[in-house]
Amino acid sequence: MWWNWGLMDWEQVNKLVQHMQKIDSHQHFWQYNAVKHDWIDDAMAVIRKDFLPADLQSILQQHNIDGCIAVQADQTEDETNFLLALQQENDFIKGIVGWVDLRAKNITDRLAYYKHFNIVKGFRHVLQGEAPEFMLQQNFVNGIAALQAFDFTYDILIFPNHLPAAITLVKKFPEQKFVIDHIAKPYIKEGLIGEWKHAMKNIAQYPNVYCKISGMVTEADQQLWKPEDFTPYLDAAVDAFGTNRTMFGSDWPVCLAAASYTAMMDIVKDYFSSFSDTEQNNFFGNNAAAFYKL
């Protein structure tokens, strides 16, 4: 495609470049520690090692991806600070989803501190490891209210049985930006879809809730999955959220337990290949850029 740059001012050029960016909205870095990362079980032994920006950068370049969102993998503020330090040396990290104790009495002070770092876009708690009612505790709800006051996003990491509680939570905060990680981890290996699909349709009714199409390969049969295994779940997610509130995420390096980055990418590239250029651009970058204010 040819552009007459001479007829465009630099503001227009910058908007065009921003419009064309591709973003991996969900990946992790860590220096492997058997205690800290005890969630990496024997089935995922291949990722029991360090994964740092130098390991990811060439992969992103290979797939013409301009940048990524680094998401917490440990529930400490040290983790948030670790990601901040990595970003200072690697500008392809476009945003950070960190961790703070949302239940803490000093949550306002902690969020005020992290607001000084423009690269910190939001926060996450590993709700999949908690009972569904955990997110409805008053002190946790107070933390979400504080996020909204500071214009931070919140990543919802849950299993399907958490979706009813998540719906109750998002109802309370119509102005808070939420995104569901990994399409709420449906039971792809077992082929279960009905209750999950219904609940996803319900939570998608709230326009402030987005969905990351990520993490699917590790919810399937990690050794024997086939691309067509994911089609019903992709259909349901896109039907619920459309192409303006879904975003691509690799879940690298966790995805490596079941698929290479290229194999994981091929699933969604093939699925979205029949969509319009605008819809593909939104899914592969523009929606993440808008959600996280990149």
Side-chain angles (χ1 to χ4, degrees), residues 24-28 30 32 34 37-49 51 59 63 71-73 124-132 134-135 155-167 179-204 209-241 245-273 283:
D24 181 340
S25 73
H26 197 105
Q27 54 76 217
H28 308 283
W30 60 68
Y32 178 70
H37 303 110
D38 61 354
W39 55 271
I40 304 177
D41 59 22
D42 291 345
M44 297 189 288
V46 69
I47 60 172
R48 284 176 171 164
K49 61 180 183 177
F51 289 94
I59 297 172
H63 293 280
V71 180
Q72 61 85 220
R124 184 178 84 157
H125 184 86
V126 182
L127 289 173
Q128 70 176 36
E130 311 285 0
F134 177 95
M135 71 183 84
D155 272 55
I156 303 175
L157 176 63
I158 53 175
F159 289 125
N161 65 299
H162 293 83
L163 275 164
I167 292 168
V179 60
I180 298 172
D181 290 348
H182 313 326
I183 62 172
K185 295 197 165 187
Y187 305 114
I188 299 173
K189 182 178 180 179
E190 294 78 12
L192 300 176
I193 193 168
E195 291 184 10
W196 166 85
K197 181 178 179 179
H198 178 72
M200 289 289 276
K201 193 75 171 178
N202 285 342
I203 201 168
V209 182
Y210 285 59
C211 181
K212 290 183 181 179
I213 293 183
S214 58
M216 296 187 302
V217 290
T218 47
E219 300 309 313
D221 185 317
Q222 295 184 10
Q223 306 303 317
L224 300 174
W225 63 263
K226 304 178 297 297
E228 54 266 31
D229 295 340
F230 307 105
T231 303
Y233 300 91
L234 287 163
D235 285 344
V238 174
D239 178 62
F241 289 91
R245 287 189 291 140
T246 48
M247 60 184 82
F248 163 71
S250 67
D251 199 25
W252 180 95
V254 180
C255 69
L256 300 179
S260 68
Y261 197 106
T262 297
M264 173 279 308
M265 186 77 164
D266 284 346
I267 295 167
V268 288
K269 283 178 67 177
D270 290 347
Y271 180 83
F272 283 97
S273 63
F283 172 72

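Excluded from the calculations below are hydrogen atoms, water molecules and symmetry mates; all remaining heavy atoms, backbone and side chain alike, are included.
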Undergrad: Has Lys197 got more than 12 heavy atoms of other residues, nucleotides or ligands less than 6.0 Å from its NZ?
TA: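 Not buried by this count: 12 neighbours or fewer within 6.0 Å.
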
Undergrad: Verify the distance criterion only: is there a donor paired with an acceptor across the side chains of Asp24 and Ser250 at less than 3.5 Å?
TA: yes

Undergrad: If you measure from CD1 on Ile267 to CE on Met216, what distance do you get to the nearest 0.5 Å?
TA: 5.5 Å

Undergrad: Does the side chain of Asn161 come within less than 4.5 Å of Glu195's, by heavy atoms?
TA: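 With C-beta onward as the side chain, the pair stays apart.
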
Undergrad: Any side-chain heavy-atom pair from Met200 and Ile180 closer than 4.5 angstrom?
TA: yes

Undergrad: Compare every heavy atom of Ala165 with every heavy atom of Pro132, then report the nearest pair and how far apart it is.
TA: O-CB, 3.4 Å

Undergrad: Nearest 0.5 Å please: distance from the CD1 atom of Ile167 over to the NE2 atom of His162.
TA: 13.0 Å

Undergrad: Considering only heavy atoms from C-beta outward, does the side chain of Asn202 approach that of Leu163 to under 4.5 Å?
TA: no

Undergrad: So, the side chain of Asp221 versus the backbone of Leu224: is there a donor-acceptor pair under 3.5 Å, distance only?
TA: yes

Undergrad: Grab the two heavy atoms, one from Asp229 and one from Pro232, that are nearest each other, plus how far apart they are.
TA: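 Heavy atoms of Asp229 and Pro232 come nearest at O-CD, 3.6 Å.
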
Undergrad: Should the heavy atoms of other residues, nucleotides or ligands under 6.0 Å from NE2 of His198 be counted, would the total exceed 12?
TA: no

Undergrad: What distance separates Ile156 CD1 from Ile203 CD1, expressed to the nearest 0.5 Å?
TA: 5.0 Å

Undergrad: Measuring from Ile213:CD1 to Asp181:CG, what's the distance to the nearest 0.5 Å?
TA: 12.5 Å

Undergrad: Rounded to the nearest 0.5 Å, what separation is found between the CD atom of Glu219 and the NZ atom of Lys189?
TA: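 One gets 10.5 Å once the value is rounded to the nearest 0.5 Å.
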
Undergrad: Does some side-chain heavy atom of Val268 sit less than 4.5 Å from a side-chain heavy atom of Phe283?
TA: yes

Undergrad: Taking Lys269's backbone N and O only, do any of them form a donor-acceptor pair with Asp266's side chain (distance below 3.5 Å, no angle check)?
TA: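 Absent.
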
Undergrad: Got Trp225 and Ile188 here, is their nearest side-chain heavy-atom distance under 4.5 Å?
TA: no

Undergrad: Under a 3.5 Å distance rule, please check whether Lys212 uses its side chain to pair with a backbone N or O of Ser25 as donor and acceptor.
TA: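 Yes, the answer is positive, given that a donor and an acceptor are paired below the 3.5 Å cut-off.
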
Undergrad: Report yes if the side chains of His63 and Thr262 come closer than 4.5 Å at any heavy-atom pair, otherwise no.
TA: yes

Undergrad: Do any N or O atoms from the side chain of His28 and from the backbone of Val71 form a donor-acceptor pair under 3.5 angstrom?
TA: yes

Undergrad: Looking only at non-hydrogen atoms, find the nearest pair between Leu127 and Phe134 and report the distance.
TA: CD2-CD2, 3.5 Å

Undergrad: Does Lys201 pair with Asp239 as a salt bridge, N-O distance under 4.0 Å?
TA: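 Answer for the salt bridge query: yes.
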
Undergrad: What class does the angle between the rings of Tyr32 and His37 fall in, given that below 30° is parallel, 30 to 60° is tilted and above 60° is perpendicular?
TA: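 Ring orientation of Tyr32 relative to His37: parallel.
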
Undergrad: Starting from the C-alpha separation in whole Å, work towards a yes-or-no answer on side chain to side chain contact (heavy atoms under 4.5 Å, CB included) for Gln72 and Val126.
TA: CA-CA 9 Å; Gln72 61 85 220; Val126 182; 3.8 Å; yes

Undergrad: Can you check whether Met135 reaches Ile158 side chain to side chain, under 4.5 Å on heavy atoms?
TA: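 They are in side-chain contact.
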
Undergrad: Could you tell me which non-hydrogen atom of Tyr233 sits nearest to which non-hydrogen atom of Leu192, and how far apart they are?
TA: OH-O, 2.9 Å

Undergrad: For Met264 versus Gly249, what's the shortest heavy-atom pair and its separation?
TA: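 Met264 and Gly249 have their closest heavy atoms at SD-O, 4.3 Å.
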
Undergrad: Show the nearest heavy-atom pair for residues Ala73 and Trp39, with the distance to one decimal.
TA: O-NE1, 3.7 Å

Undergrad: Specify whether Tyr261 and Phe248 have parallel, tilted or perpendicular ring planes, treating 30° as the upper limit for parallel and 60° as the lower limit for perpendicular.
TA: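 Answer is perpendicular, since the angle exceeds 60°.
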
Undergrad: Heavy-atom distance under 4.5 Å between the side chains of Phe230 and Ile183, does that happen here?
TA: no

Undergrad: Around atom CD of Glu228, are there more than 12 heavy atoms of other residues, nucleotides or ligands at under 6.0 Å?
TA: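 Atom CD in Glu228 is packed in, count exceeds 12.
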
Undergrad: Is a donor on one side and an acceptor on the other found under 3.5 Å between the side chain of His26 and the backbone of Ser214?
TA: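 Not a single qualifying donor-acceptor pair exists.
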
Undergrad: At what distance, to the nearest 0.5 angstrom, does CZ of Phe159 lie from NE2 of His182?
TA: 10.0 Å

